[in-house]
Amino acid sequence: MLGKLKKAIAFYEEVLSTPHRQEIARELRKEEDLFLLLLYSEMIGIPNPVFYYTLELYPHIIEKFHDWHLRMGMENSPLSGIRCC
């Protein structure tokens with residue numbers, strides 16, 4: 001009984017989200033772009049009051065940096081400390 005209910009809920013969620021997949025992906029990408037901008041803002045000259053705490057995130061986010069700066073229209077990395085291009 002519980003398994004059938006879980007399958008029904010999964011099917012319902014799939015039906016509701018199918019027409020909006022691109023919109024959801026676009027919004028998630030915008031949120032990630034804003035987060036990365038805030039994360040790297042200190043390095044590009046924008047004051048970041050929580051810079052000390054965001055330093056811990058750099059090793060986890062550095063893999064996404066190249067795709068991000070290309071998506072933002074920067075042909076080369078704007079940060080001298082990060083050589084990704």
Side-chain angles (χ1 to χ4, degrees):
M1 177 79 175
L2 188 58
K4 289 181 181 181
L5 182 60
K6 286 183 180 182
K7 286 182 182 180
I9 291 172
F11 176 74
Y12 179 73
E13 289 178 1
E14 187 71 24
V15 167
L16 288 178
S17 67
T18 299
H20 305 288
R21 284 189 196 276
Q22 288 182 334
E23 186 178 334
I24 292 169
R26 187 175 30 250
E27 289 299 319
L28 288 173
R29 190 170 48 247
K30 283 182 181 180
E31 285 181 13
E32 183 176 334
D33 288 344
L34 179 62
F35 175 72
L36 289 172
L37 177 64
L38 292 173
L39 186 68
Y40 294 112
S41 65
E42 187 71 28
M43 291 183 173
I44 57 176
I46 302 170
N48 181 357
V50 293
F51 179 69
Y52 177 75
Y53 300 106
T54 58
L55 282 174
E56 298 175 4
L57 300 174
Y58 287 157
H60 304 287
I61 305 295
I62 198 71
E63 297 169 355
K64 297 180 183 183
F65 179 75
H66 181 69
D67 294 331
W68 173 75
H69 83 76
L70 289 177
R71 200 168 48 242
M72 293 294 110
M74 299 176 249
E75 293 180 10
N76 297 316
S77 171
L79 309 177
S80 60
I82 299 176
R83 304 254 187 242
C84 66
C85 301

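Atoms considered below: every heavy atom in the structure, side chains included; atoms not considered: hydrogens, waters and symmetry mates.
Taking CG of D33 as the reference point, atom CD of E31 lies at 10.5 Å (rounded to 0.5 Å). Between the CD atom in E23 and the CG atom in L28 there is a gap of 11.0 Å [rounded to 0.5 Å]. Residue R29 holds its CZ atom at 12.5 Å from CD1 of I24, rounded to the nearest 0.5 Å.
There is a path of hydrophobic side-chain contacts, each under 4.5 Å, that joins Y52 to V50. Residues L57 and I46 fall within the same hydrophobic cluster, defined by Ile, Leu, Val, Met, Phe, Trp and Tyr side chains chained together at heavy-atom separations under 4.5 Å.
Residue P47 comes nearest to S41 through the heavy atom pair O-OG, 4.4 Å, listed as atom of the first residue, atom of the second, then distance.
Counting heavy atoms from C-beta on, the side chains of L38 and N48 never come closer than 4.5 Å. Using a 4.5 Å heavy-atom threshold, the side chains of F11 and L16 count as separate.
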